[in-house]
Amino acid sequence: MKTGKPTRLSEKLNAELDTIRAEHVASISSQLKSFRIDLKNIVGAAQHTIASDTRRFQTETANTFETRLNSIRLWLTISPWLIAAMVLTGIALMMAASFFWTAHLNRSELTELGLTRIERPEGTWLILDPSKTRLRTCTMGERHVTCIRIEED
């Protein structure tokens, strides 16, 4: 009489192996399904990260280029005026230095010659230093003119 259970040892072993195989197949199938889901999640997260990083990089690069372009436009607008102002300032400074240097040389040269220059509203006066200069009458090309004789040491 058979009760539906295997009676032989080989039948028992085969039945147990079939049960173990079925359990393993179910377990492996479940693990594979879980692995597929995890891989899909990882790939989706990686794609999202790559897409957001790429968008951020493009936005930052565009902003940097736009900022630099605006800076270049500003300098192209300002630089001709800045260069012209610098050149004009240089010329004005050179002229002022030349004027002051000439005035200094004239005054020191006049002082060495024994003359003092005095500026007045009615005119400019030259004062003679009696120890260095003498007022004389000279002849120049058969003409008599007033001269200042400088007596050098």
Side-chain angles (χ1 to χ4, degrees), residues 1-133 147-153:
M1 127 168 167
K2 289 191 175 185
T3 59
K5 290 186 176 181
T7 54
R8 283 194 233 157
L9 182 60
S10 65
E11 288 177 355
K12 281 184 181 181
L13 288 175
N14 281 338
E16 284 181 26
L17 281 175
D18 285 341
T19 307
I20 291 172
R21 277 189 203 127
E23 287 174 3
H24 281 291
V25 166
S27 172
I28 289 174
S29 175
S30 171
Q31 287 177 357
L32 282 175
K33 187 175 183 180
S34 176
F35 183 69
R36 281 187 196 120
I37 291 170
D38 289 345
L39 273 181
K40 283 182 181 179
N41 290 338
I42 290 170
V43 167
Q47 287 175 337
H48 176 70
T49 301
I50 291 170
S52 67
D53 286 351
T54 303
R55 276 192 303 277
R56 193 180 99 238
F57 174 75
Q58 288 174 338
T59 303
E60 287 178 7
T61 303
N63 290 341
T64 302
F65 280 130
E66 191 172 326
T67 302
R68 289 186 181 167
L69 187 61
N70 288 338
S71 176
I72 290 169
R73 283 183 186 142
L74 176 68
W75 277 107
L76 285 175
T77 303
I78 293 174
S79 64
W81 295 107
L82 187 64
I83 291 169
M86 289 174 59
V87 167
L88 289 175
T89 301
I91 291 170
L93 287 174
M94 290 165 104
M95 290 175 71
S98 175
F99 173 77
F100 287 120
W101 183 250
T102 302
H104 173 70
L105 286 179
N106 282 342
R107 288 174 205 255
S108 63
E109 190 172 308
L110 287 175
T111 304
E112 284 180 21
L113 294 175
L115 301 171
T116 305
R117 180 181 177 153
I118 298 177
E119 301 283 338
R120 297 263 170 106
E122 65 270 6
T124 303
W125 294 84
L126 285 177
I127 299 175
L128 305 175
D129 181 2
S131 64
K132 292 184 178 180
T133 57
C147 301
I148 299 174
R149 181 171 181 217
I150 299 169
E151 298 176 1
E152 297 185 26
D153 296 330

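On a predicted model such as this, the values are computed, not experimentally measured, just so you know. Heads up: numbering here begins at 1 and tracks the sequence.
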Engineer: How long is the straight-line distance from OG1 of Thr89 back to CG of Leu82, given to the nearest 0.5 Å?
Structural biologist: 9.5 Å

Engineer: Rounded at 0.5 Å granularity, tell me how far CD1 in Ile72 sits from OG1 in Thr77.
Structural biologist: 11.5 Å

Engineer: To the nearest 0.5 Å, what is the distance between OG1 on Thr19 and NE2 on His24?
Structural biologist: 11.0 Å

Engineer: Any donor and acceptor pair, going by atom type alone, linking the side chain of Ser79 with main-chain N or O of Trp75 inside 3.5 Å?
Structural biologist: yes

Engineer: Applying ring-ring contact (aromatic ring centres under 6.0 Å, His included), can you list everything that pairs with Trp101, at least two apart in sequence or on another chain?
Structural biologist: His104

Engineer: What's the separation between atom OG1 in Thr59 and atom CD in Glu66, rounded to the nearest 0.5 Å?
Structural biologist: 11.5 Å

Engineer: Indicate every side-chain donor-acceptor pair of residues 28-51 with a distance under 3.5 Å to a residue at least two apart or in another chain.
Structural biologist:
from	atom 1	to	atom 2	distance (Å)
Asn41	ND2	Ile37	O	3.4
Thr49	OG1	Ala45	O	2.8

Engineer: Applying salt bridge (charged side-chain N to carboxylate O under 4.0 Å, His left out), can you list everything that pairs with Glu119, at least two apart in sequence or on another chain?
Structural biologist: Arg117

Engineer: Do Ser98 and Thr102 pass the side-chain contact (heavy atoms from CB on, under 4.5 Å) test, and can you show the C-alpha distance, the side-chain angles, and the key distance before you say yes or no?
Structural biologist: CA-CA 6 Å; Ser98 175; Thr102 302; 4.2 Å; yes

Engineer: How would you list, by chain and number, every residue that makes a salt bridge (charged side-chain N to carboxylate O under 4.0 Å, His left out) with Glu60, sequence neighbours excluded?
Structural biologist: Arg56

Engineer: Taking only residues two or more places apart in sequence, or in another chain, which ones meet Glu122 in a side-chain hydrogen bond (donor to acceptor under 3.5 Å, both in side chains)?
Structural biologist: none

Engineer: If the condition is salt bridge (charged side-chain N to carboxylate O under 4.0 Å, His left out), which residues does Arg21 pass it with, not counting sequence neighbours?
Structural biologist: Asp18

Engineer: From Leu93 CG over to Leu88 CG, what is the distance, rounded to the nearest 0.5 angstrom?
Structural biologist: 11.0 Å

Engineer: What distance separates Leu128 CG from Leu115 CG, expressed to the nearest 0.5 Å?
Structural biologist: 6.0 Å

